[in-house]
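By convention in this document, chain letters (A, B, ...) are assigned in the order of the sequence lines, proteins followed by strands, and residues within each chain are numbered from 1.
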Amino acid sequence: MELPKNYDFKESEQKWIKEWEQKRLYSYKDKGTKKFSIDTPPPTVSGRMHIGHACSYTQGDIIVRYRRMKGESVFYPFGTDDNGLPTERLVESLKNVKSKSMGREEFVELCEKTIKELKPEFIADWKKVGISADFENSYSTIDAHSIKTSQKSFLDLLKKGRVFQEESPVSWCVHCQTAIAQAEFENVDITSNFNDIIFKQGSKELVIATTRPELLPACVAVFANPNDERYKELKGKFATVPLLNYEVPILFDESVALDKGTGLMMVCTFGDKEDVEKWYKYKLPLKSAITEDGKLNEEGKQYKGLTIKEARKQIIEDLKKENLLLTQKPITHPVNVHERCGTEIEILKTKQWFIKVLDKKQELLKAADQITWYPEFMKKRYIHWVENLQWDWCISRQRFFGVPFPIWYSKKTGEVIPASDEQLPVDPLKDKPKVLPPNHTYADIISESDVMDTWATSSVTPQIALDWADHPEKFKEMFPETVRLQAHDIIRTWAFYTIVKGIYNNNAVPWKNIIISGFVLDPKGQKMSKSKKNTIAPQIILEEFGADALRYWAAGSKLGEDLPYQEKDVLTGKKTVTKLWNASKFTLMNLEGYNPIQTSASSQGGTQTPEIQNTDSLEVMDKWLLSKLMKIIKVSTESFENYEYSKAKHETDVFFWQTFCDNYLEFTKYRTYGEDKQPTEHGTQNNTKLAAQKTLYYALLTQLKLFAPILPFITEEIYNMYFKEIEKEESIHTSSWPEINSKLIDEESEKAGDLAVQINSEARKYKSEKKLSLKTEITTLKIKCTAEQKELIQKTIKDLKATGNIKEIFFEKGETLELLFS
RNA sequence: GGGCUCAUGGUCUAGUGGCUAUGAUGUCUCCCUUACACGGAGAGGAUCGCCGGUUCGAGUCCGGCUGGGCCCACCA
């Protein structure tokens, strides 16, 4: 068998992607073996896969491919997250439209159309990196099945009393014009001004420091610390709000910092969480001055109609005019903004749906212990987040493109009218409830027009994939899933919310294990971002180096650890692919005329790998290689079991380059080529050649298998060209994972082989120092060593002479090993 | 301010308390040896961030410090 001179990764990768798909190699089949199910993040259809996706999915895929080879029944669905704000924003910018100024139906249609356009190309990128998901079993978080599942989850929680609707101060994005959840906050430092503003108390001037003068019309009280000597006499008095000239009470609370600003603070409805707390605690009146689209309303009096920014500017100007602005200090302070658009978050009193989480903190913390976290410390991030939760989970969004709430309301009583399970999926704007409350007609109901938060649906990915809505029995068989794979940035959202739903809906944590991958950083270790222009497109890497090379790089990071992108590592991957090709080419060349089936003692299995059953015929160097190979199988298997793919990769890599290529192939060259030069007596096959062939066959196949999860294309190519016919398994990826053959562990041969390697390397060094070609013959080698060492060295003397071009070798007694060349 | 995490040759990285600290890349020298120049052989290059402790023995365990990164809190 002769392989072509060069490996064309582009051609090969394309071919295998197509073939795997045609053969439905990765479709879910219940083989009656241990089940392995994996929950991977449905990426948002953003047009293109980014490098972080490529890396993290590859890491997951490596684990899945290992499991598949172990013979487990792999359930690996693939989803896309198409619903909600991210898609709306994408469509708005792509199609240059504004959802709120378009008809709802028209906009939803446009979203659906856009997704359809983008999706195939989007998914193609995942296939290109060799992700072995069951793409036939793919879901979209906005398809009918996902909507049904998500609505079922909601109705279930409604029955269980875990969701509630309330009109309360809620974080709000004035740009997206919707309520948002705590998990969607992003903290940024903003430069602003700290303004010392004069309030009047009778004729007295009270100085209040604020960064938000535009909220003056929403001011409902002034607060001081009860221990603040400066303000004690203000008790029971009122202050006049400047410019707007109305009175608010002066109150006292321990939470007011004495040293911040002037020690006086104004409470507005609402500037921040602090205001909300005082508003509740002191039952203050509500004075909302900000509209849902971020303008001042009639409460703003003369400032009505101005945007927040304009109002701020105008109020400052007016304060200056009236000499009510004492000082203005520029400051930089942290502000919560909406992660999707960067707009500063407002707090508005609106009616929203919530999932109760604050009262179940203890259970949610306990859940962390029922899941094994890889790496373990990531568990703390989850715990930390749960402990610090401030708000219940607000799941309603005043948007168009999302999963509708499966409910209507009664105009008469205001009560909630839920859809019935059997009518899901339902759109209350189009459909009618099956069951009406007594004395109601369809004219008496109003439809809920809000949609659910994206996370309310992506938090049920296990339930969607395992078909909780339609096949609850099948669902029970597989739930909880084996593994969740995700990055650490969404522990507080995706991991947390999925756990919430698992526990609330199904009384169990959703997976037994969670593996958290790190971030891809730029070569300098900086976070990648579009604004920094330091992003790297995986498509370019794929084009230039190939998927195997990209995967090789991705396999290099430890789980949970951030990985700087280094092109040299991808290049090393490509070199490994090339080396694998060349080493295989050489090996297969040497297997010319070799019939592996004959040497297989176990003919019963028929299609089994021709195992090496008998080591008697093997030479020391063969035993040396195989014994070391067994240890690599052991380490690699153990590492994969613990999701430590980078360790498995490293060990296999070092073995392949050093043990196999640099040494074993060199040591056996003289045995494998030139049979016609030294025909053996009786014309039968040379025994040492046959031994080498046996070893080569088994060692190469094993190494291909060990590399297969990481380098699926090159290994499949080589397997297909030679091994497939003999092994009778259609793909290396469905072939069995190598097992340790304890008969092949041979410490003595390892020692002897190591000595031979050492001596050979000294010989090379000698030649290099003398600037001699490696072909140069060494006349004599005098070896000083112990009797024990001599015995070992004598076992490989033939190999040493041939490999190192050494004519004669003499021994002399010595304490330590000493080599004298001449 | 709280929490987590990291610190190893120029750069990136491996490293279950134990003999000369892994590999890659880059540098230098030699070599197109019939698998591979996307290669081979060799050389040089690390007081394993700093201080202290535990131990016969610490890159590895403990405490403190310094410096990165991330998360959370701080928004008057």
Notebook entry, point to check: Looking only at atom C1', what distance separates B:rC19 and B:rA58, rounded to whole Å?
Noted result: 15 Å
Next item on the list: Please confirm whether A:Trp553 and A:Tyr565 have ring centers closer than 6.0 angstrom.
Entry: yes
Next item on the list: Write down the partner of B:rA41 under the Watson-Crick or G-U wobble criteria, each distance required to be under 3.5 Å.
Entry: B:rU29
Margin query: Rounded to whole Å, please give me the gap between OH in A:Tyr552 and P in B:rC38.
Written below: 18 Å
Check: Which parts of nucleotides 23-32 of chain B does protein reach within less than 4.0 Å, heavy atoms only, written one letter per nucleotide 5' to 3' as B for base, S for sugar-phosphate only and - for none?
Finding: SBS---S---
Next item on the list: Let me know the distance between NZ of A:Lys647 and P of B:rA14, rounded to the nearest Å.
Entry: 12 Å
Margin query: Base contacts versus sugar-phosphate-only contacts with protein, heavy atoms under 4.0 Å: please encode nucleotides 67-76 of chain B as B, S and - from 5' to 3'.
Written below: ---S-SSBBB
Checklist line | Residue whose nearest RNA chain B nucleotide is more 5′ - A:Asp662 or A:Glu651 | finding: A:Glu651
Next item on the list: Any strand is fair game: report the nucleotide pairing with B:rU54 by Watson-Crick or G-U wobble, both distances under 3.5 Å, or none.
Entry: none
Notebook entry, point to check: Which of these nucleotides, B:rC38, B:rG15, B:rA37, is closest to any side-chain atom of A:Lys558?
Noted result: B:rG15
Item checked: Atom-pair distance (CD1 on A:Ile714; C1' on B:rC36), nearest Å -> 12 Å
Item checked: Close side-chain approach of A:Phe519 and A:Leu563, heavy atoms under 4.5 Å -> no
Next item on the list: Using atom types as modelled and distance alone, determine if a side-chain donor or acceptor of A:Glu638 lies under 3.5 Å from a backbone N or O of A:Val635.
Entry: no
Next item on the list: Return yes when atom NZ of A:Lys647 has more than 12 non-hydrogen atoms of other residues, nucleotides or ligands closer than 6.0 Å, and no otherwise.
Entry: no
Notebook entry, point to check: Between A:Phe707 and A:Phe656, does a ring-ring contact (aromatic ring centres under 6.0 Å, His included) hold up when you go through it step by step?
Noted result: CA-CA 10 Å; A:Phe707 271 127; A:Phe656 168 66; 5.8 Å; yes
Note to self: Using a heavy-atom cut-off of 4.0 Å across all strands, would you classify A:Ser557 as base, sugar-phosphate, or nothing?
What the structure shows: nothing
Margin query: When you measure from the side-chain N and O atoms of A:Lys669 to the phosphate of B:rA35, is any distance below 4.0 Å, counting only OP1 and OP2?
Written below: yes
Note to self: Would you measure the distance from the P atom in B:rG9 across to the matching atom in B:rA14 and give it in whole Å?
What the structure shows: 12 Å
Next item on the list: Provide the distance between the two P atoms, one in B:rG18 and one in B:rU34, to the nearest whole Å.
Entry: 44 Å
Margin query: To check you understand the geometry: which heavy-atom pair defines the closest contact between A:Lys574 and A:Ala549, and what is its length?
Written below: N-CB, 3.6 Å
Check: According to the Watson-Crick and G-U wobble definitions, with both distances under 3.5 Å, which nucleotide is paired to B:rG1?
Finding: B:rC72
Next item on the list: State whether the side chain of A:Asn193 and the backbone N or O of A:Asn195 hold a donor-acceptor pair below 3.5 Å, judged by distance alone.
Entry: no
Notebook entry, point to check: Base, sugar-phosphate alone, or nothing: which one does A:Lys380 contact when heavy atoms must sit under 4.0 Å apart?
Noted result: sugar-phosphate
Note to self: Aromatic contact between A:Tyr231 and A:Phe252, with the criterion being ring centroids under 6.0 Å apart: yes or no?
What the structure shows: no
Item checked: Residue matched to B:rC19 through Watson-Crick or wobble contacts both under 3.5 angstrom -> none
Note to self: In whole Å, I'd like the distance from the CZ atom of A:Phe519 to the P atom of B:rC6.
What the structure shows: 17 Å
Item checked: Atom C1', compared across B:rC56 and B:rG63: separation rounded to whole Å -> 22 Å
Notebook entry, point to check: Between B:rG39 atom C1' and A:Phe586 atom CZ, what is the distance in whole Å?
Noted result: 14 Å
Notebook entry, point to check: Rounded to the nearest Å, what distance is computed from the CZ atom of residue A:Phe821 to the P atom of nucleotide B:rG42?
Noted result: 11 Å
Next item on the list: Can you tell me, in whole Å, how much space there is between the P of B:rU27 and that of B:rU20?
Entry: 31 Å
Next item on the list: Looking at every strand, decide which applies to A:Cys661 at a 4.0 Å heavy-atom threshold: base, sugar-phosphate, or nothing.
Entry: base
Check: Do we see a donor-acceptor contact under 3.5 Å between the side chains of A:Asn760 and A:Thr803?
Finding: no
Next item on the list: Pick the C1' atom in B:rC72 and in B:rC65, then give their distance to the nearest Å.
Entry: 24 Å
Item checked: 5′-ward residue of the pair A:Pro564/A:Arg764 relative to RNA chain B -> A:Pro564
Check: How far does the P atom of B:rC12 sit from the matching atom of B:rG17, given to the nearest Å?
Finding: 26 Å
Next item on the list: Please state whether the rings of A:Trp391 and A:Phe185 are parallel, tilted or perpendicular, taking 30° and 60° as the class boundaries.
Entry: perpendicular
Next item on the list: Please confirm whether A:Lys669 makes a cation-pi placement over A:Phe586, using NZ or CZ under 6.0 Å from the six-membered ring centre and within 45° of the ring normal.
Entry: yes
Check: Say you pick atom P in B:rA43 and the same atom in B:rA24; how far apart are they, in whole Å?
Finding: 13 Å
Item checked: pair A:Met378-A:Ile514: side-chain heavy atoms closer than 4.5 Å -> no
Checklist line | Rounded distance in Å - CG (A:Asn590) to P (B:rU34) | finding: 14 Å
Note to self: Using whole Å, what does the distance between atom C1' of nucleotide B:rU22 and atom CZ of A:Phe655 come to?
What the structure shows: 17 Å
Notebook entry, point to check: Should B:rC48 form a Watson-Crick or G-U wobble pair with both distances under 3.5 Å, which nucleotide is its partner?
Noted result: none
